[in-house]
Protein chains: 2
Amino acid sequence: MCDHAAVKRMKRAELARRAGCNLETIRYYEKAGLLPEPPRTQSGYRSYDATHERRLKFVLRARALGFSLDEVRALLRLVDERDQPCAEARDLAGAHLKDVQSKIADLKRMERVLKEMVAQCADGTTPECPLIEALFRANGKS
Amino acid sequence: MCDHAAVKRMKRAELARRAGCNLETIRYYEKAGLLPEPPRTQSGYRSYDATHERRLKFVLRARALGFSLDEVRALLRLVDERDQPCAEARDLAGAHLKDVQSKIADLKRMERVLKEMVAQCADGTTPECPLIEALFRANGKS
DNA sequence: CTTGAGTCTGTAGGGACTACAGACCCTAGA
DNA sequence: TCTAGGGTCTGTAGTCCCTACAGACTCAAG
């Protein structure tokens with residue numbers, strides 16, 4: 001039990017910096033149960049190591065891919081109880097993929113309409129602002 | 001000042017139904033200054049007409065196109081003070097179009113990664129779950 | 001006249017953070 | 001050794017865009 005290979009310890013600010021997130025996000029994730037409560041120094045400061053960093057980065061990456069906190073929780077459960085998680089993880093990711101695809105479809109519809117509106121405005125031939133008129137007219141029906 | 005061509009009056013529920021939004025959304029928009037406070041009946045009920053409906057639908061359409069409430073407020077200002085709004089409206093819509101396009105780009109990146117992850121999981125040849133491993137590994141760098 | 005539905009108000013809740021106030025603690029320089 | 005500044009701690013309030021609720025009122029039908 002000698003400790004000559006002591007792991008590197010860091011405080012919250014350094015962890016945030018290394019993971020590239022806001023300081024307070026870490027505390028929030030701890031309260032939300034996504035990250036474990038870290039050990040404390042004698043004076044009560046949080047003390048993190050590489051395992052905390054790894055887990056935080058996992059959460060941030062999943063969030064960046066658009067998983068909700070609940071979905072991240074589910075993924076972390078699979079991480080923590082590694083039995084045969086592959087099918088379940090694939091289903092989670094598959095469901096989320098569908099979400100993402102339908103969001104893309106929605107945004108593309110918006111994009112098309114906005115482009116038309118901007119284009120109509122650009123030629124400036126109509127007396128009224130066609131963009132605003134377009135918003136007053138119904139999308140497809142009265 | 002005869003009133004034989006009286007406009008149709010309606011209460012909040014009917015307006016919500018006709019505009020296709022939640023009952024409470026109307027009250028919220030009024031408090032937020034997007035819709036005018038409507039006249040009241042003697043007993044204090046809100047009383048709307050076609051102009052309210054038109055304006056509410058405008059707001060809902062702009063929201064459906066992803067404009068924030070602040071952006072909708074700006075558009076409504078252009079509606080209310082019709083001078084030469086076209087350039088300003090076009091700029092607003094153009095800026096918003098850029099937002100939408102960058103969201104689409106983000107989501108497409110997510111889609112690509114998720115597809116890869118699901119595909120890797122699907123062949124089931126690796127012992128560890130590749131999806132979860134992928135989340136532990138960095139997106140591009142360590 | 002009663003009953004049930006509609007409307008009124010203010011306020012709380014949601015998700016995912018972000019920011020702040022007021023109290024500690026820790027370190028470096030004078 | 002003292003002190004000044006930064007960092008960290010806690011809980012709480014604010015953000016955005018609604019949505020839902022409680023408790024009081026009103027209205028129309030039977």
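Bear in mind the structure is a predicted one, so any value in this text is a computation, not a measurement. Just so it is clear: chains get the letters A, B, ... in the order the sequence lines come, proteins before strands, and each one is counted from 1.
Counting non-hydrogen atoms under 4.0 angstrom, A:Phe67 reaches nothing in the nucleic acid.
Scanning for salt bridge (Lys or Arg N to Asp or Glu O under 4.0 Å) contacts around B:Arg9 gives B:Asp49, with sequence neighbours left out. With sequence neighbours left out, the side-chain hydrogen bond (donor to acceptor under 3.5 Å, both in side chains) criterion links A:Glu30 to A:Arg46, A:Tyr48. Not counting sequence neighbours, the partners of A:Gln101 by the side-chain hydrogen bond (donor to acceptor under 3.5 Å, both in side chains) test are B:Glu111. Every residue meeting the ring pair (Phe, Tyr, Trp, His ring centres under 6.0 Å) condition with B:Phe58, not counting sequence neighbours, appears here in chain and number order: A:Phe136. A search for side-chain contact (heavy atoms from CB on, under 4.5 Å) contacts involving A:Tyr28 returns A:Leu69, not counting sequence neighbours. Taking the side-chain hydrogen bond (donor to acceptor under 3.5 Å, both in side chains) definition, one finds that A:Lys8 meets it with A:Glu14, sequence neighbours left out. In this view, B:Arg12 satisfies the side-chain hydrogen bond (donor to acceptor under 3.5 Å, both in side chains) rule with no residue, not counting sequence neighbours. A:Arg55 meets the salt bridge (Lys or Arg N to Asp or Glu O under 4.0 Å) test with A:Asp80; sequence neighbours excluded. Taking the salt bridge (Lys or Arg N to Asp or Glu O under 4.0 Å) definition, one finds that B:Asp106 meets it with B:Arg109, sequence neighbours left out.
Each of B:Ser68 and A:Tyr45 lies near DNA chain D, and the nucleotide nearest A:Tyr45 is the one positioned closer to the 5' end. Take the nearest nucleotide of DNA chain D for A:Arg27 and for B:Arg27: the residue whose nucleotide is more 5' is A:Arg27.
The span of DNA chain C lying next to chain A, judged by atoms under 4.0 Å from heavy atoms, is bounded 5' to 3' by C:dA16 to C:dC26.
Listed in residue order, the members of residues 32-44 of chain A having a heavy atom less than 4.0 Å from DNA chain D are A:Arg40, A:Gly44. Of the residues in residues 14-26 of chain B, B:Asn22, B:Glu24, B:Thr25 come within less than 4.0 Å of DNA chain D through at least one heavy atom, sorted by number.
The side chain of B:Arg63 sits closest to D:dC18 out of D:dT8, D:dC18, D:dC9.
Between B:Asp70 atom CG and D:dC17 atom C1' there is a gap of 12 Å when expressed in whole angstrom units.
Side-chain atoms of B:His96 come within 3.5 Å of backbone atoms of B:Leu65 as a donor-acceptor pair (strictly under, hydrogens ignored).
Counting heavy atoms from C-beta on, the side chains of B:Arg77 and B:Glu88 come closer than 4.5 Å.
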